[in-house]
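Whatever order the structure lists them in is the order used to number ligands and atoms, beginning at 1.
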Amino acid sequence: MRLCLINPSNPLVSIVKVKESRWNRYRVWKPLSLMVLAGLTPPEWEISIVDENLGAPNYDTMPRPDLVGITAFTAQANRAYEVAAHFRKLGVPVVMGGIHATMCRDEAMQHVDSVVTREAEGIWPQVLEDARQGSLKRWYDGGLAEMSDVPLARHDLLPAGYAFGAIQTTRGCPLNCTFCSVTAFNGARYRQRPIPDVVRELQAVREKRVLVVDDNLIGTRPEHIARAKDLFRAIAQANLRKQWIAQATINFADDEELLALAAKAGCRGVFIGFESPTPEGLLEVGKKFNLLKGRDFRASVRRIHRHNILVAGSFIVGLDSDEPGIGKRIAEVASQYGVDTLNVLVLTPLPGTRLWDRMKSAGRIALDTFPEDWRYYTLTFPVARYKHFSLDGIIEEMISCDRNFYSMSRILRRVWSSLWQRRKPLITLVGNLSYRSNLHLYRKAYAGFKRCCGNRHDCVNES
Ligand code: B12
Ligand code: SF4
């Protein structure tokens with residue numbers, strides 16, 4: 001039996017677009033979901049994984065699979081349905097799973113033979129058995145997995161060519177920020193994989209550099225942090241010489257021992273969601289950790305830097321509490337905090353989030369011809385109606401933010417400060433130039449977006 005697992009192309013980046021920006025090579029990440037599915041698949045299945053971001057293959061010339069499994073984030077949904085249509089025309093059954101199929105199950109069911117919602121560990125062997133017997137059900141729900149049931153992902157099935165390997169050590173997040181799908185999808189309970197499994201899997205990762213995909217590597221409670229320390233100790237002790245980057249909340253900076261152990265285990269960069277420069281904005285998104293009174297973000301970033309760990313900061317533009325000028329303000333605040341790179345995203349109602357419910361009931365979702373419009377749900381396009389911004393207004397804020405933060409003078413200042421603090425000036429320089437070089441691509445993309453969707457986009461309340 002042949003199983004073909006497919007990651008549809010990502011509208012934002014792919015190796016194919018490397019001609020548009022050579023930095024894309026560093027932005028194509030492994031589809032870990034499919035590697036985990038492969039790890040759950042019994043040996044009688046011959047498995048291939050296709051990552052369309054490495055180049056879409058000619059499906060007609062591939063050996064005919066007996067079953068196709070497709071994963072998709074929302075932004076990939078259209079391409080997922082195109083691929084599904086191709087195989088269904090050939091009579092090959094198609095199963096779809098992942099975040100989009102879970103949040104938009106009824107829609108996905110119109111395009112594929114079977115949908116698997118939530119996590120696959122508890123149900124995938126059953127799906128395969130039913131497929132073998134030709135009796136696939138229309139819908140399976142995997143629920144939330146026990147972390148000891150997460151298998152070793154099949155790192156051997158993807159070709160070389162990725163800049164980073166990938167691994168997961170925890171799932172779930174109790175914080176339930178309004179714009180984020182993680183609590184709705186992976187649950188509020190913070191679940192941690194057994195440490196020996198993580199170390200064993202890290203050994204199997206071929207790449208020297210690794211993305212730890214956890215949404216919040218260290219968790220929120222003292223026992224989570226104690227476990228994170230144990231994990232870092234175990235990784236350091238295994239002496240794997242991996243360098244890794246991860247996502248965490250700002251409380252990562254609050255514990256010197258944690259930072260020292262992370263660095264010793266190979267942590268080289270951390271992605272932190274600051275979300276908003278204003279207390280009103282933080283309240284609006286529900287990011288509780290960032291709201292703690294007396295928190296000095298600049299000092300927090302400095303503490304992380306002292307352990308030679310780079311900080312990538314993320315902010316959102318388009319909150320109801322944002323006023324015109326927010327783009328420039330974010331660039332200034334992020335520079336004051338001292339982050340090495342800045343990722344600014346447009347407030348986007350993703351299906352399944354509290355933000356989606358709120359905007360939908362207020363009639364504020366501007367791009368709502370689905371599935372076609374999902375291609376714009378990349379967090380880079382204004383797909384909703386924003387309280388204080390017209391379409392041109394919000395695009396201007398995004399451009400102004402990047403133009404300010406990635407001005408040559410600011411880049412040089414950051415590189416100089418990195419040099420001065422004996423950190424990693426070269427990586428800071430390369431990271432910053434990579435973002436800067438994408439500015440003209442964003443401008444082009446916004447112009448195209450305005451041409452095709454501009455008329456569907458009024459602001460809620462110009463003031
Ligand atoms: C790593 C990651 C990335 C990596 C992508 C790596 C990759 N190639 O997949 C990068 C940094 C590139 C990225 C980019 C983006 N991401 Co992202 N990302 C994640 C993150 C943190 C982890 C995903 C992961 O690898 N999990 C580990 C695997 C094992 O879990 P899993 O994918 O859920 O798979 C399990 C189940 O879903 C299921 N399953 C999955 N697929 C399938 C398929 C079948 C057939 C079956 C049966 C089961 C099944 O089985 C698996 C095992 O249980 C998630 C958060 C999260 N917790 O999911 C956000 C998340 C998926 N990302 C999100 C977003 C919004 C984006 C961006 C749009 C944002 C941006 N502008 O940067 C882009 C879009 C990229 C794109 N492809 O279009 C949202 C997606 C919401 C949505 N509705 O789409 C999430 C949920 C975070 C959030 N804040 O809400 N992301
Ligand atoms: S944004 Fe981060 S902290 Fe907030 S719910 Fe999502 S994963 Fe948790």
Purely on distance, is any nitrogen or oxygen of [X] under 3.5 Å from one on ligand 1?
X      : result
Val36  : no
Glu121 : yes
Thr380 : no
Asn186 : yes
Asn10  : yes
Gln247 : no

With a 4.0 Å heavy-atom cut-off (strictly under), which part of [X] contacts ligand 1: side chain, backbone, both or neither?
X      : result
Glu119 : both
Arg171 : side chain
Leu37  : side chain
His100 : neither
Phe179 : neither

Could you list all the salt bridge (Lys or Arg N to Asp or Glu O under 4.0 Å) pairs where at least one residue sits in [range], not counting sequence neighbours?
range            : result
residues 107-116 : Arg88-Asp113
residues 148-162 : Arg154-Asp156
residues 192-206 : Arg193-Glu201, Asp197-Arg200

With distance as the sole criterion, is a donor-acceptor pair present between the side chains of [X] and [Y] under 3.5 Å?
X      : Y      : result
Gln110 : Asp106 : no
Ser114 : Trp139 : no
Asp214 : Thr169 : yes
Asp130 : Tyr140 : yes
Asn53  : Ser9   : no
Gln192 : Thr170 : no

Does a side-chain heavy-atom distance below 4.5 Å link [X] with [Y]?
X      : Y      : value
Met96  : His111 : no
Ile6   : Val68  : yes
Thr249 : Leu175 : yes

Nearest neighbour of [atom] from the list [options], on a heavy-atom basis:
atom                    : options                       : answer
atom 45 (C) of ligand 1 : Leu379, Leu345, Val116, Ile70 : Ile70
atom 2 (C) of ligand 1  : Phe164, Trp29, Phe73          : Phe73
atom 20 (C) of ligand 1 : Leu128, Val213, Leu67, Ile123 : Val213
atom 82 (C) of ligand 1 : Thr74, Val212, Asp214         : Thr74

Exercise. Check each of Lys30, Gln76, Glu52 against Asn7 using the side chain to side chain donor-acceptor pair (under 3.5 Å) test, and report the only one that passes.
Key: Gln76
Please find out if less than 6.0 Å separates the ring center of [X] from that of [Y].
X      : Y      : answer
Phe232 : Trp244 : yes
Tyr442 : Phe381 : no
Trp29  : Tyr162 : no

Heavy-atom contacts with [X] under 4.0 Å: which atoms of ligand 1 show up? List them by number with element.
X      : answer
Leu350 : 65 (C), 81 (C)
Thr71  : 40 (C), 41 (N), 42 (C), 43 (C)
Lys30  : 6 (C), 7 (C), 8 (N), 9 (O)
Ala75  : 78 (O)
Val95  : 45 (C)
Trp124 : 47 (C)
Asp215 : 21 (C), 55 (C), 56 (C), 57 (N)

Quiz item: Does Gln247 approach ligand 2 within less than 4.0 angstrom via side chain, backbone, both or neither, non-hydrogen atoms only?
Solution: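 No part of Gln247 comes within reach of ligand 2.
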Self-check item: Closer than 2.8 Å to atom 6 (Fe) of ligand 2 - protein N, O or S atoms, ordered by chain and residue number
Solution: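 Within the sphere that stays under 2.8 Å of atom 6 (Fe) of ligand 2, the protein atoms of type N, O or S are Cys180 SG.
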Non-hydrogen atom of [X] closer than 4.0 Å to ligand 1:
X      : result
Ala145 : no
Gln76  : yes
Arg118 : yes

Quiz item: Is the CD atom of Glu223 crowded by more than 12 outside heavy atoms at less than 6.0 Å?
Solution: yes
Self-check item: Plane angle bin for Phe315 and Phe274 - parallel if under 30°, tilted between 30 and 60°, otherwise perpendicular
Solution: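 The arrangement is parallel - the two ring planes meet at less than 30°.
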Quiz item: When the ring planes of Phe370 and Trp356 are compared, do they come out parallel, tilted or perpendicular, using 30° and 60° as the limits?
Solution: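 Answer is tilted, since the angle falls between 30° and 60°.
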Self-check item: Protein contact of atom 2 (Fe) of ligand 2 - nearest heavy atom, named by residue and atom, plus distance
Solution: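 For atom 2 (Fe) of ligand 2, the nearest protein heavy atom is Lys287 NZ, 3.8 Å.
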